[in-house]
Amino acid sequence: MESVKNILKVGIPSTVVQILTSFVNIGMNSILLSFSSTAVAVYGVCARMQNVVTVGVHGIDNGLIPIVAYNYGAGKRSRISDSVKWAVIYGVALFIVFFMILELFPMQMLSLFDASEHMMKIGVPAIRILATAYLISIPSLVLAAALQGLSQGTRSMYITMLRQAMLPLAFAFVLSRTKQISLVWTAFIMAELLVIPVALALWKKSFNESGIKELGLGNV
């Protein structure tokens with residue numbers, strides 16, 4: 001029963017996050033519809049691009065979870081800290097290639113979706129702004145995965161809910177009042193920047209509560 005309980009502690013929060021994603025899309029689409037249906041289409045295209053360009057980072061995160069869990073169980077505390085640190089480094093290094101592509105060739109990326117001139121006008125700045133948000137998100141993504149490895153699924157869920165739902169929607173709604181679509185995209189950057197210290201604090205708290213007090217990200 002204890003094993004099932006530990007699995008549910010990670011599995012239930014992950015399920016909640018997946019369900020929440022659908023509601024977030026509805027919320028963002030409602031906000032963007034106040035500008036135009038093309039803005040909604042651009043958001044959909046950017047979401048698809050995100051799924052492709054961040055697949056390597058998510059692969060690192062999925063590999064990190066069992067590494068953290070195994071070394072925690074084995075009492076290899078320094079390995080946990082090192083694995084989290086290198087996951088962030090490799091995640092950033094891997095994404096830099098896609099980041100440069102999105103920043104330098106946004107028109108070419110949009111042309112893959114038969115973008116109209118109006119869509120190009122909205123989409124080019126959107127891609128560049130959101131690419132920056134994706135880059136900033138890597139530390140939070142890694143720490144959320146590491147928390148799952150420590151069986152802290154609920155805290156991992158807090159990070160994901162903040163960065164994917166609550167903060168982006170709140171900022172996007174406020175910025176939409178300016179009637180400038182380019183400012184709405186910056187809501188994602190603002191959300192990611194605010195979540196990083198929260199993620200670090202939750203990781204440090206979980207790291208220390210687990211008796212892991214060695215130098216590294218655990219004691220940032």
Side-chain angles (χ1 to χ4, degrees), residues 14-63 87 90-142 144-145 156-157 159-173 175-176 180-193 195:
S14 297
T15 302
V16 172
V17 168
Q18 293 300 319
I19 295 173
L20 184 65
T21 301
S22 299
F23 291 99
V24 173
N25 289 334
I26 294 172
M28 280 303 302
N29 288 339
S30 298
I31 292 172
L32 293 172
L33 271 174
S34 65
F35 292 91
S36 68
S37 58
T38 303
V40 175
V42 168
Y43 177 66
V45 168
C46 289
R48 290 180 177 84
M49 287 186 184
Q50 181 187 18
N51 291 335
V52 173
V53 300
T54 60
V55 66
V57 178
H58 288 299
I60 291 173
D61 291 344
N62 289 335
Y90 282 124
V92 171
L94 185 63
F95 183 71
I96 282 293
V97 177
F98 296 105
F99 175 76
M100 295 305 296
I101 291 174
L102 293 176
E103 290 293 333
L104 296 175
F105 308 106
M107 295 183 67
Q108 288 80 352
M109 297 298 293
L110 281 171
S111 65
L112 297 175
F113 298 88
D114 296 323
S116 64
E117 183 178 347
H118 182 49
M119 189 173 183
M120 284 286 187
K121 183 178 179 180
I122 296 176
V124 168
I127 289 176
R128 286 175 171 158
I129 292 170
L130 291 176
T132 302
Y134 303 155
L135 180 63
I136 297 171
S137 73
I138 293 175
S140 298
L141 285 169
V142 170
S156 176
M157 180 184 68
I159 295 173
T160 304
M161 289 179 65
L162 281 173
R163 57 172 294 271
Q164 286 190 352
M166 298 174 66
L167 291 179
L169 284 175
F171 287 139
F173 177 77
L175 292 171
S176 68
Q180 297 184 48
I181 184 66
S182 60
L183 288 180
V184 175
W185 307 124
T186 63
F188 293 91
I189 292 180
M190 295 168 63
E192 297 294 356
L193 287 173
V195 168

Query raised in the report: To the nearest 0.5 Å, how far apart are CZ in F99 and CG in L104?
Result: 9.0 Å

Requested in this report: Test side-chain contact (heavy atoms from CB on, under 4.5 Å) on V55 and F98 and set out the steps.
Outcome: CA-CA 11 Å; V55 66; F98 296 105; 5.9 Å; no

Query - Gap between atom CZ of F188 and atom CE of M28 - 0.5 Å precision - result: 3.5 Å

Query raised in the report: Is the CZ atom of F173 crowded by more than 12 outside heavy atoms at less than 6.0 Å?
Result: no

Query raised in the report: Is there side-chain contact between S176 and F35, with at least one heavy-atom pair below 4.5 Å?
Result: yes

Query raised in the report: Checking T186 side chain against I189 main chain: does a donor-acceptor pair fall under 3.5 Å?
Result: no

Query raised in the report: Can you find a heavy atom in the side chain of I181 that is under 4.5 Å from one in the side chain of L32?
Result: yes

Query raised in the report: Which pair of non-hydrogen atoms, one from G91 and one from V57, has the smallest distance, and what is that distance?
Result: O-CG2, 3.7 Å

**Report entry** Whether R163 side chain and E192 backbone form a donor-acceptor pair below 3.5 Å
**Finding:** no

Requested in this report: Taking all non-hydrogen atoms of both residues into account, name the closest pair between I122 and S36 and its distance.
Outcome: CD1-OG, 4.0 Å

Query - Test side-chain contact (heavy atoms from CB on, under 4.5 Å) applied to F113 and M49, step by step - result: CA-CA 11 Å; F113 298 88; M49 287 186 184; 3.6 Å; yes

Report summary line: Closest heavy-atom pair, M109 versus I101, reported as atoms and distance to 0.1 Å, is SD-CG2, 4.0 Å

Query - side-chain contact (heavy atoms from CB on, under 4.5 Å) between R128 and V124, intermediate numbers included - result: CA-CA 6 Å; R128 286 175 171 158; V124 168; 3.7 Å; yes

Query raised in the report: Angle class for the Y134/F95 ring planes (parallel below 30°, perpendicular above 60°, tilted otherwise)?
Result: perpendicular

Query raised in the report: What is the minimum heavy-atom distance between I127 and L102, and which atoms define it?
Result: CG2-O, 3.6 Å

Query raised in the report: Just by modelled atom types, is the S156 backbone N or O under 3.5 Å from a matching donor or acceptor in the T160 side chain?
Result: yes

Query raised in the report: Which heavy atom of A172 sits nearest a heavy atom of V184, and at what distance?
Result: CB-CG1, 4.0 Å

Query raised in the report: Would a 4.5 Å heavy-atom cut-off, applied to side chains only, mark N29 and Y43 as touching?
Result: yes

Report summary line: Looking only at heavy atoms, the pair that brings F171 and A187 closest together is CB-CB, 3.5 Å

Query - Rounded distance (nearest 0.5 Å) linking atom CD1 of I31 with atom CD1 of I26 - result: 12.5 Å

Query raised in the report: How many angstroms lie between NZ in K121 and OG in S116, if you round to the nearest 0.5 Å?
Result: 11.5 Å

Query raised in the report: If you round to the nearest 0.5 Å, how far is CD1 of I60 from CG of L94?
Result: 5.5 Å

Query raised in the report: Should we say atom CE of M120 is surrounded by more than 12 heavy atoms from elsewhere, each under 6.0 Å from it?
Result: yes

Query raised in the report: Are any non-hydrogen side-chain atoms of Q50 and L130 less than 4.5 angstrom apart?
Result: no

**Report entry** Nearest-0.5 Å distance that lies between atom CG in N51 and atom SG in C46
**Finding:** 11.5 Å

**Report entry** Among L167, V195, L175, the one residue meeting side-chain contact (heavy atoms from CB on, under 4.5 Å) with M190
**Finding:** L175

Requested in this report: Apply the test side-chain contact (heavy atoms from CB on, under 4.5 Å) to residues T54 and I138: give CA-CA distance (whole Å), side-chain angles for both, the deciding distance (0.1 Å), then the verdict.
Outcome: CA-CA 9 Å; T54 60; I138 293 175; over 6 Å; no

